[in-house]
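Here is how names work: the chains are called A, B, and so on, in the same order as the sequence lines, proteins then strands, and each is numbered from 1.
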Amino acid sequence: MIKLYNTMTGKKETFEPLNGKKVNMYVCGITAYDMCHLGHARSAIVFDIIKRYLRYCGYDVTHVRNITDIDDKIIARAAKEKISTEEVARKYTQEYYNDMKLLGVSSADIEPNATDHIEAMIESIKTLIDKGYAYPLDGDVYFEVKKFEGYGKLSGKKLDDLESGARVDVDNRKKHPFDFALWKSSKEGEPFWESPWGKGRPGWHIECTAMSSKYLGESFDIHGGGADLIFPHHENEIAQSEACTGKLFVKYWMHNGFITVDKEKMSKSLGNFFTIKEILEKYEPEVVRYFLLSAHYRSPIEFSDAQLNESEHSIDRYYTTALRVREFLSHTGGKDKPGNPNELQGLMDSFMGKFTGAMNDDFNTASALGYLFELIRELNKYLDAKPSGQGAREVVQRVNEMLLETGGVLNIFNKSPEEWYSALIKVKKLALSEELLLQKIELRKAARDNKDWSEADRVRDELYEQGIILEDKPDGTSWRVRVG
RNA sequence: GGCGACGUACCCAAGUGGCUAAGGGGGAGGUCUGCAAAACCUUUAUGCAGCGGUUCGAAUCCGCUCGUCGCCUCCA
């Protein structure tokens, strides 16, 4: 039984989709006017994991993630770069897809662009006018918030409070300061579409109303996005959609917390952001994903190199164990010496339940990761006891499968140790080829065979300086990339 | 001004009424090792911002205080 926190009620609720095992989920994507930063990555990764977990639980999920490809910021950017709005949108949409691919975030099932749905938006706006919820004004169309009973129910705001706390210049032509644009007339030189109210473009919020109902129906299960979208964006979507259909728009509203830098929200306007591209220059994507899953999705998470380095350590701990497991499985045979798997066996019996328990509790990935590392420790302990034989083999294999299965849900632990180390060499820009490295190890082996310890240590220290750590084992020396 | 969230060890972080307060990183000691590394073991919060209250029992519920942050404007 999955429980999830619903922003609408402010409580954790039992997840019961509108239609059996079918889950329709809409997550607000990006406005394609600039490079994406880590905050965008968090939202993408969080909802990707939620989708993966729901599917793991047997739900049939349809995931829609939109791209806003026409908007004031795009127009401003186009003017600045002296190119068309289409080119701006195309360029940054492409960058976005590229970032998502590098991050290892799966695609949504449907990734609609706003400009492909202008007709549907116009239809929605017409309906809102016909029903008396919207009014045209000098080529614009506004939604009249006072007409929608329940405006503010998602964000917990009251219109009177909004009025008195207004921090923006009020457009006096509107009936209420918080009436928002469904349609904006275009100024000279701006892109436009023909409409019953003249040439113009849609307001931001209406695209999600039009596209979500097109692909997921008038009522659907989950609507997600960053917490900064709660007001006004999602509040306005509710007003538009429910005014249009008279039906419940969304059953569960989910919002991820912010990334902070020096405790402040990472944002374009503060200028304290790091682009996904910049971060992936220094860190492996799996490290970034792990970092973002190491805190609960609704909590703020402080970005820092120290934190990313810790995440790198954690992932490396897994791959070090993965290497041990593989060596064990490739060698073990012979005498049946299952060791004492009791502690490990106990944890194996409870592990899957602990994992799903954590994930069922509002997708508590941080807690789930704790259980994974608990299992890793027990596995290491078991391997330390040097068990052998078929029984031991089956135990280790089963634990390994559990780690891969649960790691798979979290989209981590999905490489071979070699892939991990070679990715680390790349991302840490080590000026050392694997070939040269193996030569050095041979060189050192010769010294060790001669018990020339000072020469052996010299080679090891030299490699350490270059970011490589050597480990001497009974059957030879292996290497790892130094992390952290 | 209105609304809301958060404050757990040296750092990050889970835990939201009841066994010894997960897990990761770091520190100290140990086992192993030619020495290391890795791994494992022990240790590092009689206490969960502070003060009251409810309760047989609270980090967990309630109130107040202090501190930090967010939304109220485009924002993931």
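In the interface, the side chain of Asp457(A) is paired with the base of rG34(B) through a donor and an acceptor atom under 3.5 Å apart. Under 3.5 Å, the side chain of Arg460(A) and the base of rA36(B) form at least one donor-acceptor pair of N or O atoms. Scanning atom types as modelled, one donor and one acceptor separated by under 3.5 angstrom connect the side chain of Glu310(A) and the base of rG24(B). Between the side chain of Lys157(A) and the base of rC72(B) there is no donor-acceptor pair of N/O atoms closer than 3.5 Å.
Where Met266(A) and Tyr5(A) meet RNA chain B, the nucleotide closest to each residue was compared, and Tyr5(A) sits on the side nearer the 5' end. Closest-nucleotide positions on RNA chain B for Lys12(A) and Leu369(A) were compared, and the one nearer the 5' end corresponds to Lys12(A).
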Practice item. Verify side-chain contact (heavy atoms from CB on, under 4.5 Å) between Thr356(A) and Thr406(A), making sure each step is shown before the conclusion. Key: CA-CA 9 Å; Thr356(A) 53; Thr406(A) 52; over 6 Å; no
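Among the protein residues, Arg482(A) comes within range of no part of the nucleic acid, since none of its heavy atoms lies under 4.0 Å from any strand. Within 4.0 Å (heavy atoms only), Arg298(A) reaches no atom of the nucleic acid at all. Among the protein residues, Leu470(A) comes within range of the nucleic acid bases, having at least one heavy atom under 4.0 Å from a base atom. Within the nucleic acid shown, Lys268(A) has no heavy atom closer than 4.0 Å to any nucleic acid atom. Residue contacts for His296(A): at a heavy-atom cut-off of 4.0 Å it reaches the sugar-phosphate backbone alone, with no base atom in range. Within the 4.0 angstrom heavy-atom criterion, base atoms lie near Glu471(A). Residue Leu38(A) is out of contact with every strand shown, counting any heavy-atom pair closer than 4.0 Å. Using a 4.0 Å heavy-atom cutoff across all strands shown, Gly484(A) reaches no nucleic acid atom at all. Nucleic acid contact for Tyr464(A): none, since no nucleic acid atom lies under 4.0 Å from a heavy atom of the residue.
Judged by distance alone, the side chains of Tyr290(A) and Glu310(A) never bring a donor and an acceptor atom under 3.5 Å apart. Side chain to side chain, His296(A) and Asp362(A) meet the donor-acceptor criterion of an N or O pair below 3.5 Å.
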Considering only nitrogen or oxygen atoms on both sides, find all protein atoms under 3.5 Å from nucleotides 39-41 of chain B and state each distance.
{"from": "rA39(B)", "atom 1": "OP1", "to": "Arg317(A)", "atom 2": "NH1", "distance (Å)": "3.4"}
{"from": "rA39(B)", "atom 1": "O3'", "to": "Asn380(A)", "atom 2": "ND2", "distance (Å)": "3.3"}
{"from": "rA39(B)", "atom 1": "O2'", "to": "Arg324(A)", "atom 2": "NH1", "distance (Å)": "3.0"}
{"from": "rA39(B)", "atom 1": "O2'", "to": "Asp384(A)", "atom 2": "OD1", "distance (Å)": "3.0"}
{"from": "rA39(B)", "atom 1": "O2'", "to": "Asp384(A)", "atom 2": "OD2", "distance (Å)": "2.7"}
{"from": "rC40(B)", "atom 1": "OP1", "to": "Arg317(A)", "atom 2": "NH2", "distance (Å)": "3.0"}
{"from": "rC40(B)", "atom 1": "OP2", "to": "Arg317(A)", "atom 2": "NH1", "distance (Å)": "3.2"}
{"from": "rC40(B)", "atom 1": "O4'", "to": "Asp384(A)", "atom 2": "OD2", "distance (Å)": "2.8"}
{"from": "rC41(B)", "atom 1": "OP1", "to": "Lys381(A)", "atom 2": "NZ", "distance (Å)": "3.2"}

Contacts under 3.5 angstrom, residues 462-469 of chain A side chains, donor-acceptor by atom type, not counting sequence neighbours:
{"from": "Glu462(A)", "atom 1": "OE1", "to": "Arg458(A)", "atom 2": "NH1", "distance (Å)": "3.0"}
{"from": "Glu462(A)", "atom 1": "OE2", "to": "Lys440(A)", "atom 2": "NZ", "distance (Å)": "2.7"}

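With Tyr33(A) as the aromatic partner, Lys268(A) meets the cation-pi criteria of under 6.0 angstrom to the ring centre and within 45 degrees of the ring axis.
Taking a pair as Watson-Crick or G-U wobble with both distances under 3.5 Å, the runs of three or more consecutive pairs in RNA chain B are B:1-7 with B:66-72, B:10-12 with B:23-25, B:26-31 with B:39-44, B:49-53 with B:61-65.
The aromatic rings of Tyr151(A) and Phe231(A) sit perpendicular, their planes meeting at an angle over 60°, well past the 30° parallel limit.
Regarding contacts with the backbone of rG26(B), a side-chain N or O of His313(A) is found under 4.0 angstrom from either OP1 or OP2. Of the side-chain N and O atoms in Asn364(A), one or more sit less than 4.0 angstrom from OP1 or OP2 of rG15(B). Lys473(A) has no side-chain polar atom (N or O) that falls below the 4.0 Å cut-off from OP1 or OP2 of rU33(B).
Of the options Asp109(A), Asn66(A), Ile110(A), a side chain to side chain contact (heavy atoms under 4.5 Å, CB included) to Tyr215(A) is made by Ile110(A) and by none of the others.
We find that CZ of Phe178(A) is positioned 12 Å from C1' of rC71(B), with the value rounded to whole Å. Rounded to whole Å, atom C1' of rA76(B) lies 11 Å from atom CG of Leu292(A). If you take CG of Asp48(A) and P of rA76(B), they are 18 Å apart, rounded to a whole angstrom.
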